[in-house]
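The structure under discussion appears below in the form of structure tokens.
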Amino acid sequence: MRPDPQDVAKIIAETAQREMLPRFGRLATSSVYEKSGPNDLVTDVDYAMESALRSAFAELCPDADFIGEERAAADPAVMEGLAGPGRFWIVDPLDGTRNFVRGAAEFGTIVAFVEDGVTTMGWIYAAPDDAFAIAVKGSGASWTGPRPEKPRGDGGPRGMRSVGWLSDEFGHIGRNLRTEFRTDGSHCSAYAYIELLRGGFDFAV
């Protein structure tokens, strides 16, 4: 049986309010680690969120495997199952880790539910705003938070970019986005997607 989207949202929010939000702005340096480099961070909060969500989702849907970002980083082989049949939770427990570490209030949790290779449901929890974007295949997407108060105005399409991780071979993409388009830098995919849903931006790269 497919899990109820609102039950999943409740689990995500309660886990974040217990494991994530109390440590925002209070994270010790000793709780922050580098993964692939100085711009690729992981914290004790990432690990705590992933562990707690794995346990909660196992109770909610025992036949679904769990693929968390930190688990997959340690053992990429866990993702091989996605190519075949089965049900899977795919979880980024703390998206926007750099923002979280720096005290910038744009971070959250991203969850997808995959059935036989098809993503059938997704959740983005904007933790600082206690608001959700929830999508169910065939039923559209919803946003529980506020919409922008004012229209963006004229000036052509406006977008968000997150391309600093690209190799030098593709450096022209970032330069062109800055000079040829109206784009703002983004360090949190969760909020980039939410701004697209809210209508604050027209595209994201």
Side-chain angles (χ1 to χ4, degrees), residues 1-17 19-21 46 49-50 52-54 56-57 60-61 63-69 72 79 82-83 85-97 99-100 104-153 156-163 177 181-205:
M1 184 175 179
R2 185 175 293 175
D4 184 286
Q6 297 304 321
D7 289 344
V8 177
K10 182 179 179 181
I11 288 171
I12 296 169
E14 289 179 347
T15 304
Q17 289 159 12
E19 303 287 352
M20 181 193 296
L21 289 170
D46 295 73
M49 283 288 298
E50 184 163 307
L53 288 173
R54 183 176 186 177
F57 289 161
L60 183 67
C61 193
D63 67 331
D65 197 2
F66 183 96
I67 301 176
E69 178 180 352
M79 295 188 292
L82 285 170
R87 309 209 295 176
F88 301 86
W89 298 101
I90 302 177
V91 176
D92 184 346
L94 173 52
D95 182 68
T97 300
N99 285 350
F100 189 87
E106 284 195 1
F107 55 87
T109 298
I110 304 176
V111 175
F113 193 69
V114 176
E115 299 176 275
D116 298 329
V118 177
T119 302
T120 55
M121 291 186 284
W123 300 259
I124 299 177
Y125 181 51
D129 299 308
D130 190 24
F132 269 98
I134 301 174
V136 177
K137 184 175 175 61
S139 300
S142 62
W143 165 243
T144 65
R147 298 240 173 216
E149 295 181 3
K150 298 179 180 179
R152 288 178 288 104
R158 184 181 176 201
M160 300 187 79
R161 64 180 190 277
S162 178
V163 295
L177 284 170
F181 299 91
R182 296 193 306 155
T183 59
D184 297 338
S186 170
H187 299 291
C188 178
S189 296
Y191 270 80
Y193 291 133
I194 286 168
E195 280 305 300
L196 285 172
L197 184 63
R198 279 163 37 97
F201 291 91
D202 299 296
F203 67 93
V205 179

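Remember, predicted model here, so these are calculated numbers, not experimental data. The first residue of the sequence shown is numbered 1, and numbering continues consecutively from there.
Applying the ring pair (Phe, Tyr, Trp, His ring centres under 6.0 Å) criterion to Y193, with sequence neighbours excluded, gives no partner residue. With sequence neighbours left out, I67 forms a side-chain contact (heavy atoms from CB on, under 4.5 Å) with A72, V78, M79, L82, F88. The salt bridge (Lys or Arg N to Asp or Glu O under 4.0 Å) search around D184 returns R158, not counting sequence neighbours. Among residues two or more places apart in sequence or in another chain, the side chain to side chain donor-acceptor pair (under 3.5 Å) test is passed with E69 by K35. Listed by chain and number, the residues in a side chain to side chain donor-acceptor pair (under 3.5 Å) with T120 are E115 (sequence neighbours excluded). Here D65 pairs with R71 under the salt bridge (Lys or Arg N to Asp or Glu O under 4.0 Å) rule; sequence neighbours left out. Under the side-chain contact (heavy atoms from CB on, under 4.5 Å) criterion, A52 pairs with T15, R18, E19, not counting sequence neighbours. Legend: residues meeting side-chain contact (heavy atoms from CB on, under 4.5 Å) with D63, ordered by chain and number and at least two apart, are C61, R87. Take D95 and apply the side chain to side chain donor-acceptor pair (under 3.5 Å) test, not counting sequence neighbours, and it matches no residue. Every residue two or more places apart in sequence or in another chain that forms a side chain to side chain donor-acceptor pair (under 3.5 Å) with D129 is listed here: Y191. Scanning for ring pair (Phe, Tyr, Trp, His ring centres under 6.0 Å) contacts around F132 gives Y125, with sequence neighbours left out. Residues satisfying the side-chain contact (heavy atoms from CB on, under 4.5 Å) test with F203, not counting sequence neighbours, are P157, L177, F181, T183, V205.
Aromatic ring orientation, W89 versus F57: parallel (interplanar angle below 30°, classes split at 30° and 60°).
Annotation: side chain of M121 is not in contact with side chain of I134 (no heavy-atom distance under 4.5 Å). Residues I12 and V8 have side chains in contact (heavy-atom distance under 4.5 Å, counting atoms from C-beta outward). I110 is not listed as a side-chain neighbour of W123, based on a closest heavy-atom distance of 4.5 Å or more.
The backbone N or O of A104 sits nowhere less than 3.5 Å from a side-chain atom of N99 that would complete a donor-acceptor pair. In this structure, the side chain of R54 does not engage the main chain of F66 through any donor-acceptor pair within 3.5 Å.
Note that the OG1 atom of T109 and the CD1 atom of I124 stand 10.5 Å from one another [nearest 0.5 Å].
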